[in-house]
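Below is one structure, written out as structure tokens; comments come after it.
Every number for a ligand or one of its atoms is a count from 1 in the order of the listing.
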Amino acid sequence: MQVPRLVLKPGREKALLRRHPWIFSGAVARAEGGLESGTTVRIDAADGGFLGWAAYSPTSQISARVWSFDQTIPLDRSLIAQRVTAAVARRARWLPDVSALRLIHAESDGLPGVLCDRYGQQLVVQLSSAGAAHWREVIADALISATGCAQLYERSDSDVLELEGIAPRVGPLRGDAPLAATPIVEHDLNFAVSVVDGHKTGFYLDQRDNRHLVQHFSAVDEVLDCFCYTGGFTVNALAGGAKHVTAIDSSATAIAAAAINVSLNGAYAERVDWIEDDVFKRLRRLRDQARAFDLIILDPPKFAPTAALAERAARGYKDINLLAFKLLKPGGLLFTFSCSGGVNRDLFQKIIAGAALDAGAEAQIVRHLGAGADHPTALNFPEGDYLKGLLCQRG
Ligand code: SAH
């Protein structure tokens, strides 16, 4: 039987030769063989030369994602088991004592579309490419065997599934259903994570190091935590000595969970004002009230999933950062983030510079921030570096 294959247009093999794993539909000259969603295809250059073994995704703009660039290493059960084991082992090296962490970071761990987060003994996967969904059971077995955990829950319900043409799937994959609140400890602080109902897999593990950094600078009077979700930064600010925190999120459910997380860490309740509101609106109101803060966190949701939406996203970032600079006391600190894939570090820094200029604030970058070591970026996949942040100090 003929091996299914995609033959690329002349010149379109360049990205693959640099080992970038995505094949866009516009690069494909023709498809041959019985091609089904998620199954393995051989990728050939126009001259017939082998480029990689990929998983086929007929409805996506990304027609295939390469899992192996080596002709002698096929995309099979043993490759997946080996990649999963290697990913888990890398975390053991960098984060040996951390019990809540990302174990698999998709393309950057050689497993396109596979995310796995660990919360204690509970694993949570999100399979968001046709190949990842196709290999679901093999990935599940490999995860259980690499970690020794018994419980694996699937949260394949992100918006990108539709683009990939795969059906959402949510529920236990191995073992029992998760607890309503899974307890985790992060840098000695306690959080309850809702694996079933929370965003993504329940918690924004990518901000672990930055939350800890906020704690270090929080022995101040007034902290403002914008887009607080379940209170990750707020809890750290309180533990770091903040006398008062104003925490804003548009989701009542998130704020309720955040208040519980605060209560799990001490008698802090009276030091927090929870505000259920739109951050864009509320920042204007705080400005009109002439409020001032020593430390501000801006950790908005993804404004631009793709580069095409970068311009609109840039306006959103500029707006909230401009207002934040106006609300910052002299000498105050701004922790500002973007998790938009479509906004790179360079553009983000330009937006923040423009915001400070228009706010009439002099400020310096004191640190460039990003996700922790459990969210590595493969050098052949710069898109993996999605979380960027700046720690700015107002003059
Ligand atoms: N800082 C958090 C993660 C933030 S996630 C942490 O460390 O855990 C982004 C949050 O922004 C979500 O909780 C979402 O409910 C909220 N959100 C989205 N748009 C918003 C808006 N316009 N105003 C206020 N909150 C918003």
Side-chain angles (χ1 to χ4, degrees), residues 100-102 117 119 124 155 158-159 181-182 184-187 189-195 197-215 218 223-240 242 245-262 264-265 272-286 295-305 309 312-313 315-321 323-324 334-341 343 369-372 374-375 386-391:
L101 75 172
R102 173 148 298 183
D117 289 340
Y119 300 108
V124 190
R155 276 292 305 271
S158 94
D159 311 340
T182 302
I184 62 159
V185 178
E186 183 183 274
H187 288 303
L189 296 172
N190 301 302
F191 294 93
V193 175
S194 174
V195 160
D197 300 316
H199 290 181
K200 305 208 284 187
T201 65
F203 200 62
Y204 288 86
L205 291 166
D206 51 0
Q207 289 284 24
R208 180 193 312 105
D209 295 351
N210 301 320
R211 287 192 279 257
H212 196 51
L213 193 63
V214 159
Q215 186 184 141
S218 288
V223 170
L224 176 62
D225 180 5
C226 298
F227 310 95
C228 68
Y229 186 50
T230 55
F233 283 105
T234 291
V235 167
N236 275 275
L238 293 165
V245 180
T246 305
I248 312 172
D249 201 284
S250 54
S251 156
T253 321
I255 288 183
I260 292 174
N261 284 330
V262 163
L264 295 176
N265 292 283
V272 192
D273 269 341
W274 300 109
I275 301 180
E276 183 193 329
D277 201 356
D278 173 53
V279 164
F280 290 83
K281 263 204 272 169
R282 182 56 65 144
L283 287 178
R284 289 186 162 71
R285 194 147 147 210
L286 293 170
L295 190 157
I296 299 177
I297 300 127
L298 292 177
D299 184 23
K302 213 187 290 179
F303 291 157
L309 297 169
R312 201 186 66 190
R315 282 198 293 276
Y317 289 120
K318 170 105 181 258
D319 191 22
I320 53 175
N321 281 280
L323 289 159
L334 172 64
F335 288 77
T336 183
F337 298 96
S338 161
C339 59
S340 294
V343 175
L369 306 172
D374 49 340
H375 294 66
Y386 66 100
L387 179 66
K388 48 247 137 206
L390 295 171
L391 167 50

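Taking distance alone, with nitrogen or oxygen atoms compared against 3.5 Å, D299 approaches ligand 1 more closely than that limit. Checking only distances, V279 does come within under 3.5 Å of ligand 1, N or O to N or O. The shortest N or O to N or O distance between D225 and ligand 1 is not below 3.5 Å. When only interatomic distances are considered, the shortest N/O to N/O separation between D249 and ligand 1 falls below 3.5 Å. Of the polar atoms of R211, at least one N or O is found under 3.5 Å from an N or O of ligand 1, judged by distance alone.
Heavy-atom contacts from other residues, nucleotides or ligands closer than 6.0 Å to CZ of R284 number more than 12. No more than 12 heavy-atom neighbours from other residues, nucleotides or ligands sit within 6.0 angstrom of NZ on K302.
Only the side chain of Y204 comes within 4.0 Å of ligand 1, counting heavy atoms alone; its backbone N, CA, C and O stay farther away. With a 4.0 Å cut-off on non-hydrogen atoms, I248 does not touch ligand 1 at all.
At a threshold of 4.0 Å, the pair D249-R282 does not count as salt-bridged, since none of the basic side-chain nitrogens sits closer than that to a carboxylate oxygen. For R155 and D117, the salt-bridge test fails: no basic side-chain N is under 4.0 Å from an acidic carboxylate O.
A donor-acceptor pair is defined here as one N or O able to donate and one able to accept, closer than 3.5 Å; no such pair exists between the side chain of N265 and the backbone of L189.
Distances below 4.0 Å separate heavy atoms of F233 from the following atoms of ligand 1: 1 (N), 7 (O). Annotation for ligand 1: atoms under 4.0 Å from non-hydrogen atoms of S251 are 15 (O).
The residue from Y229, F280, F227 that puts a heavy atom closest to atom 11 (O) of ligand 1 is F227.
To the nearest 0.5 Å, atoms CG (N236) and CD (E186) are separated by 6.5 Å.
Scanning the protein heavy atoms around atom 21 (C) of ligand 1, the nearest turns out to be D278 OD1, 3.4 Å. In terms of protein heavy-atom proximity, atom 17 (N) of ligand 1 is closest to S250 OG, 3.5 Å. The protein non-hydrogen atom at the shortest distance from atom 19 (N) of ligand 1 is P301 CG, 3.8 Å.
Y317 and F303 have tilted rings, their planes meeting at an angle from 30° to 60° on a 0 to 90° scale. Ring geometry, F203 versus F191: the interplanar angle falls from 30° to 60°, so the pair is classed tilted.
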Please evaluate residues Y386 and D206 with respect to the criterion side-chain hydrogen bond (donor to acceptor under 3.5 Å, both in side chains), reporting the C-alpha separation (whole Å), side-chain torsions for both, the decisive distance (0.1 Å), and the verdict.
CA-CA 10 Å; Y386 66 100; D206 51 0; 2.7 Å; yes
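When the options V223, L238, V235 are evaluated for a side chain to side chain contact (heavy atoms under 4.5 Å, CB included) with V272, the one that passes is L238.
The shortest separation from a heavy atom of D277 to ligand 1 is under 4.0 Å, placing the residue in contact. Residue contacts with ligand 1 include H199, since one of its heavy atoms falls under 4.0 Å from the ligand.
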